[in-house]
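Have a look at the structure below, then the notes.
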Amino acid sequence: QVQLVESGGGLVQAGGSLRLSCAASGSIFSINDMGWLRQAPGKQRELVAGITNGGSTNYADSVKGRFTISRDNAKNTVYLQMNKLEPEDSAVYYCNAVVVTTGNYVVRAYWGKGTLVTVSS
């Protein structure tokens with residue numbers, strides 16, 4: 001099995017910064033794409049940012065220029081640096097990873113349980 005554990009959420013004032021981390025552990029042979037999604041109350045889950053194992057990135061238009069996704073392949077960890085936070089960024093942030101598991105080499109997506117980000121105005 002594979003586990004993803006997020007950390008770094010919290011309460012911050014508008015204009016502030018937070019850095020989210022997500023560490024993957026377990027029966028990991030390799031990790032392909034990793035990403036962050038978020039879900040605000042009453043809204044659908046949306047992609048915030050994604051990164052391939054080669055380092056190519058993509059971002060939602062709403063966070064371009066403010067958020068930066070990165071990863072440390074040696075640590076099986078993905079990060080999300082969030083700057084100039086706005087109240088509209090308030091949501092539960094979920095980590096996602098496409099993992100190849102050891103032994104059977106099955107490819108599937110895994111999710112973390114989420115970390116809450118609250119931005120006050």
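These numbers come from a predicted model, not from an experiment.
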Thr77 (side chain) donor-acceptor with Lys75 (main chain) under 3.5 angstrom: yes
Residue pairs fulfilling salt bridge (Lys or Arg N to Asp or Glu O under 4.0 Å) with at least one residue in residues 78-87, sequence neighbours excluded: Arg66-Glu86
Phe67 ring center within less than 6.0 Å of Tyr59 ring center: no
Validation row: Phe29, Tyr105 side chains within 4.5 angstrom (heavy atoms): yes
Validation row: Leu47, Asn96 side chains within 4.5 angstrom (heavy atoms): no
For Ser70 against Ile51, the heavy-atom pair lying closest together: CA-CD1, 3.9 Å
Side chains of Leu116 and Thr118 in contact at under 4.5 Å (non-hydrogen atoms): yes
Least distance between heavy atoms, Tyr93 atom then Glu6 atom: O-OE2, 3.9 Å
Close side-chain approach of Trp36 to Cys22, heavy-atom, < 4.5 Å: yes
Ser17 and Asn83: side chain donor to acceptor below 3.5 Å: yes
Least distance between heavy atoms, Asn53 atom then Asp33 atom: N-OD1, 4.5 Å
Over all atoms of both residues, closest heavy-atom pair of Ser21 and Tyr79: OG-CD2, 3.3 Å
From Met34 atom CE to Asn76 atom CG, the distance as rounded to the nearest 0.5 Å: 7.0 Å
Within-4.5 Å side-chain heavy-atom neighbours: Leu20 and Met82: yes
Partners meeting side chain to side chain donor-acceptor pair (under 3.5 Å) with Ser7 (sequence neighbours left out): none
Least distance between heavy atoms, Ala40 atom then Ala91 atom: N-CB, 3.8 Å
Heavy-atom side-chain contact between Thr52 and Asn32 under 4.5 Å: no
Residue pair Ile31 / Ile28: nearest heavy atoms and the distance that separates them: CG1-CG2, 3.7 Å
Where at least one partner belongs to residues 45-62, residue pairs that pass salt bridge (Lys or Arg N to Asp or Glu O under 4.0 Å), sequence neighbours excluded: Arg38-Glu46, Asp61-Lys64
